[in-house]
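FYI, the numbering just counts along the sequence from 1.
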Amino acid sequence: MTDLVTWAELGGSLAAIGGAAYARHAHPAAYWSTVGLPVSVARLVASYTSTMDACGLTVEPPRWRALAVKATTRRLVRPVPPRRGMIRPTSTGLRLRLRLAPGQEPADVAASAERLRHAWGVHAVYVRDVKPGVVELRLVGFDVLRKVRMPRRTDAGPLRVPVALREDATAFVRDYRAVPHELVLGATLSGKSMFLRNLLAGLAAQPVVLVGIDCKRGVELAPFAPRLSALATDPEQAAELLPVLVKEMEDRYDLIKARQGIAPGTPDELITSDVWGLPEDERPAPIVLFVDEVAELFLVATRKEEERRDEMVTQLIRLAQLGRAAGIYLEVCGQRFGAELGKGATMLRAQLTGRVCHRVNDEASAKMALGDIAPEAVMASCAIAAELPGLAVVGDTSGGWSRIRTPHLSLADAAATCRETAHLAPDVPALAPFRPYLPPVPVKESSPLATPQPITE
């Protein structure tokens with residue numbers, strides 16, 4: 001009987017271990033909430049002092065404390081770690097704050113993040129500077145980019161769109177007021193179109209003018225035509241649309257001059273105010289210009305096309321240099337972007353503050369996107385596997401970068417969102433000739449409830 005009980009207990013233990021291993025692989029969020037969270041908390045509490053000491057994050061105690069310990073006990077005076085705050089569990093990990101000792105800096109803790117990860121058995125540790133002397137540790141229990149689930153609460157708002165998930169389990173918010181222009185690169189099937197799709201669906205619910213240039217005959221942006229105020233599907237149409245946008249920008253500068261008493265002859269480059277300083281009832285709606293496959297605007301075959309190319313590039317550069325103050329923002333997308341495209345390409349790239357690099361086919365493309373930000377960002381983008389579409393490295397010209405992944409959004413759902421929000425498109429008379437044609441939706445004839453019977457005599 002005892003042997004039977006022992007075998008039953010052993011079988012139950014093996015089943016529990018196998019179930020936990022399966023849950024950790026197939027359902028990491030559920031595994032973290034039930035098993036990983038309590039285990040990691042226990043490790044953190046039990047080994048906090050020794051781990052900080054091993055990482056070199058302890059300091060000598062104050063002299064008064066050392067004297068008090070020597071006077072009251074015979075214990076050896078040991079270095080003290082940073083004072084730990086309350087542990088706050090989350091659905092993806094843990095958060096706690098540390099009050100640094102005098103002489104320590106956040107970089108000291110960030111340099112030990114990999115050691116802390118192994119000591120406490122979590123997937124990653126990220127350090128954020130909260131205020132002078134206080135840092136926040138964000139412990140992520142599992143790989144949140146393997147199966148993207150956006151946070152329930154995101155910092156959305158006007159011209160702020162939560163478009164992807166960062167590797168530290170926070171939302172990547174595309175903020176056009178903070179980063180007015182952005183360059184998005186990615187090879188075929190890298191997830192670039194999914195990023196663009198999420199961004200368009202998020203902006204569609206806001207009173208923003210959406211303008212598209214898609215030289216692939218509109219196959220990428222045509223499904224969102226109900227919400228677009230203008231769409232150009234080839235270089236010829238783009239050459240007609242861009243001057244209209246430049247004229248709209250100049251008209252907005254004239255509006256700012258008239259409202260704020262600036263002399264009419266003042267050059268646009270010397271105006272420091274923007275449309276957000278205007279009263280709300282006089283403020284024009286912001287414009288977001290999406291340029292898909294920007295290389296198609298640079299490719300030429302004849303001298304006439306070269307002149308048209310130079311003119312379009314000049315207008316794009318003007319919009320990138322002066323458009324922010326007029327409420328005009330650029331989202332430039334492509335598979336590759338570099339100096340070999342032609343004159344003006346490097347100058348346009350220099351005006352695009354934000355950078356998003358998906359998987360690319362060569363290292364040179366990654367360097368074009370992120371090389372002027374950080375070499376580590378280039379290496380991280382080159383390491384993106386083809387089996388992870390939507391994974392990208394995002395950064396800006398301030399030097400910071402991180403990995404993100406865009407959640408899946410079907411084209412049908414994104415198009416439905418644009419149809420439902422078509423009435424929110426602001427009216428811009430100058431863009432009316434470029435508004436995409438929408439064929440009428442056929443109305444199905446309703447069948448009669450009862451079929452009339454023939455009259456028989």
Sub-4.5 Å side-chain heavy-atom contact between Pro151 and Leu165: yes
Does a side-chain N-to-carboxylate-O contact under 4.0 Å join Arg336 and Asp362? yes
Heavy-atom closest pair, residues Leu241 and Ala232: CD2-CB, 4.1 Å
Rounded to the nearest 0.5 Å, the CG atom of Leu297 sits from the CG atom of Leu242 at a distance of 7.0 Å
Closest non-hydrogen atoms of Lys367 and Val378, given as atom of the first, atom of the second and distance, are CG-CG1, 3.9 Å
Residues Arg88 and Glu136 bridged, charged N to O under 4.0 Å: yes
Would you give the length of the straight line joining atom OG of Ser381 to atom CD of Glu376, rounded to the nearest 0.5 angstrom? 11.5 Å
Of all residues at least two apart in sequence or in a different chain, which pass the ring pair (Phe, Tyr, Trp, His ring centres under 6.0 Å) check with Tyr176? Tyr329
Taking it one step at a time, do Arg117 and Glu114 satisfy salt bridge (charged side-chain N to carboxylate O under 4.0 Å, His left out)? CA-CA 5 Å; Arg117 178 179 82 87; Glu114 190 67 15; 2.8 Å; yes
Measure the shortest side-chain to side-chain distance between Glu293 and Cys215 over non-hydrogen atoms and say whether it is less than 4.5 angstrom. no
side-chain contact (heavy atoms from CB on, under 4.5 Å), paired with Leu221, selected from Val291, Leu210, Leu196: Leu196
Is there a side-chain contact between Met52 and Leu98, using heavy atoms and a 4.5 Å cut-off? yes
Any ion pair linking Glu311 and Arg308 (charged N to carboxylate O, less than 4.0 Å)? no
If you define the side chain from C-beta out and look only at heavy atoms, does anything of Pro436 sit under 4.5 Å from Phe224? no
Report yes if the side chains of Arg405 and Pro389 come closer than 4.5 Å at any heavy-atom pair, otherwise no. yes
In the structure I gave you, are the side-chain heavy atoms of Val275 and Ile256 within less than 4.5 Å of one another anywhere? yes
Heavy-atom closest contact (Ala325 atom, Tyr253 atom, distance): CB-OH, 3.5 Å
Interatomic distance, OG1@Thr233 vs CD@Gln237, rounded to 0.5 Å, equals 3.5 Å
Mark yes or no for whether Ser112, through its side chain, and Arg115, through its backbone, hold a donor-acceptor pair below 3.5 Å. no
Interatomic distance, Lys216 atom NZ to Glu296 atom CD [nearest 0.5 angstrom]: 9.0 Å
Within a strict 4.5 Å, meaning less than it, do heavy atoms of the Leu411 and Arg197 side chains meet? yes
Quick one, Arg149 and Val144 - any side-chain contact, counting heavy atoms below 4.5 Å? no
Got a second to check how far Phe172's CZ is from Ser402's OG, nearest 0.5 Å? 7.5 Å
Between OG1 of Thr92 and NE2 of His123, what distance do you get to the nearest 0.5 Å? 11.0 Å
Using side-chain contact (heavy atoms from CB on, under 4.5 Å) as the criterion, point out the one residue from Val184, Val161, Val288 that pairs with Leu199. Val161
